[in-house]
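One structure is given here, and the rest of the page talks about it.
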Amino acid sequence: MTRTIHLMGRMGQLFGETHRLNCETVQEAMHALDCMKGGVRRYLLECTDSDVQFTVQKGEDFMDYDNIGHNLGKDDLIQIGNKLNLTLD
């Protein structure tokens, strides 16, 4: 299913704020962005090494580690940004 991916804060600045992708999970969305833009995976790994945390939102619900691998369902919107940038924007 084609859905809109919004990257907030620094990720949006680096990789573009809005994307239309055919993906079923957050992992598929990040893999597709990395294939198209390059450097997404490296950026996420560097952030993890620096203890930067991210929020992921589908529709109006925030996802956590327990459900982040689940299918996104129908008509979902994913918003991704690191917590630091979300509080400053």
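We're numbering straight along the sequence, starting at 1.
Looking at I5 and T18, their side chains never come closer than 4.5 Å, going by heavy atoms from C-beta outward.
Summarising the geometry, atom CZ belonging to R42 is positioned 10.0 Å from atom CG belonging to L45; distances are rounded to the nearest 0.5 Å.
Put simply, the side chain of Q57 gets close to the backbone of G59: a donor and an acceptor are under 3.5 Å apart.
Under the rule for a side-chain contact (heavy atoms from CB on, under 4.5 Å), the partners of E28 that lie at least two apart in sequence or sit in another chain are C23, E24, T25. In this view, D51 satisfies the side-chain contact (heavy atoms from CB on, under 4.5 Å) rule with no residue, not counting sequence neighbours. Applying the side-chain contact (heavy atoms from CB on, under 4.5 Å) test to T2 and every residue at least two apart in sequence or in another chain returns R20, N22. By the side-chain contact (heavy atoms from CB on, under 4.5 Å) test, T48 pairs with no residue at all, sequence neighbours left out.
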T55 vs M8, side-chain contact (heavy atoms from CB on, under 4.5 Å): CA-CA, chis, key distance, verdict: CA-CA 10 Å; T55 57; M8 311 295 276; over 6 Å; no
Working for side-chain contact (heavy atoms from CB on, under 4.5 Å), residues V56 and F62: CA-CA 6 Å; V56 178; F62 285 92; over 6 Å; no
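Annotation: ring pair (Phe, Tyr, Trp, His ring centres under 6.0 Å) contacts involving residues 8-30, sequence neighbours excluded, comprise F15-Y43.
No option in N67, D61, D66 other than N67 meets the side-chain contact (heavy atoms from CB on, under 4.5 Å) test with M63.
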Under 3.5 Å, side-chain donor or acceptor atoms of residues 29-41 against the rest of the protein: list the pairs with distances, not counting sequence neighbours.
unit_1 : atom_1 : unit_2 : atom_2 : d
D34    : OD1    : G39    : N      : 3.2
D34    : OD1    : V40    : N      : 3.0
D34    : OD1    : R41    : N      : 3.2

